[in-house]
Amino acid sequence: MGSIETTAGPVDAGALGRTLCHEHLLTSSESIRAQYPHLYDTEREFEKAVEQVRAAMAHGVGTIVDPACMDLARDARLAMRVAEATGCRIVMATGIYGQHYTFIPQHFQTRDEDYLADAFVHDIEVGIQGTAVKAAFLKTAADEPGITPDIEKVHRAAARASLRTGRPIMAHSRPASRTGTEQVRIFLEEGVAPEKIMIAHTGDTDDLDHIEELLALGVYIGMDRYGTAIFLPDETRNAVVAELCARGHAGRMVLSQDACATIDWFPDELRAQLAPKWNFTLIFEEILPQLRELGVSDADIDTMLDVVPAAWLAG
Ligand SMILES: [Zn+2]
């Protein structure tokens, strides 16, 4: 296996250890943070990130992959600080989430895919936000609005940056409208190999036909939103994961929570109401014992948490 970029520099892919493949140190509204900073307590955000990372480490986690990118308030300096404070390896991305999964700002709207790809390649080869932290992978997103022209541009740009650098891609998807199929089609059209692609949030559905359709394309899938019953209850997520393991697909899945140590999209009280168990440790505290009861083997659990993240990141 090759080496993987972390906030502390490259490490051997075989040394990542137990890995949460999709968690967020911080998810925040970039324009509001920049213009109304008094609304934010950045020290408290740092402390909450450290608390969550330490809690995960207590369950043996050695690496956290944070797919923050543009529009989610990605912050390389915060990630470096958290990594230094905790000793956890943190893996960062480059890419664009899209505003309301629909638009990108005018600066990128009026320029072509290759201009976007250049920006992504800068983060991979030079560093993120003026730091030496290099992006280990690319991030894109499609959701309810589908593949709008701007969203297609981001996917094509990410694909081209992947081809130029060899870095893999993680794509936020919405299985309820099967966006993953379209996203993979664009990546493959651009020439990206399927094993470089991870379709995040595939675990938001119990539509096994759709999941099998994605797996048949050769991509990895993220069963990565445990704790978000607003998309699908954990009980249903578990049944899907157990069935896919029984069908021999553990080697194509990762387990994670998409939890955010801080998220400013809604007031804290609303978050507590909507997703009370949504944190970096739910998998270890509740989900793994439930999966074992459903017949998922320890070997399959190790594969999903220890092997697949490194295999995907190493391309
Ligand atoms: Zn996410």
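Source: prediction; values computed, not measured. Numbering of ligands and ligand atoms starts at 1, following listing order.
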Just distance, no hydrogens or angles: give the donor-acceptor pairs under 3.5 Å from side chains in residues 304-315, sequence neighbours left out.
residue : atom : partner : partner atom : Å
Asp306  : OD1  : Arg18   : NE           : 2.8
Asp306  : OD1  : Arg18   : NH2          : 3.4
Asp306  : OD2  : Arg18   : NH2          : 3.1
Trp312  : NE1  : Ile169  : O            : 3.4
Trp312  : NE1  : Lys196  : O            : 3.2

Checklist entry - Any side-chain heavy atom of Leu215 within less than 4.5 Å of one from His249? => result yes
Checklist entry - Do the ring centers of His107 and Tyr115 come within less than 6.0 Å of each other? => result yes
Checklist entry - Under 2.8 Å from the Zn ion (ligand 1), protein N/O/S atom count? => result 3
Checklist entry - Think Arg33 forms a cation-pi with Tyr40, using NZ or CZ under 6.0 Å from the six-ring centre and within 45 degrees of its axis? => result yes
Item to check | His201/Phe231 aromatic ring centres below 6.0 Å | outcome: no
Next on the checklist: Assess the residue pair Thr19 and Val61 against the criterion (side chain to side chain contact (heavy atoms under 4.5 Å, CB included)); give the C-alpha distance rounded to whole Å, side-chain angles, the decisive distance to 0.1 Å, and a yes or no.
Outcome noted: CA-CA 6 Å; Thr19 301; Val61 169; over 6 Å; no
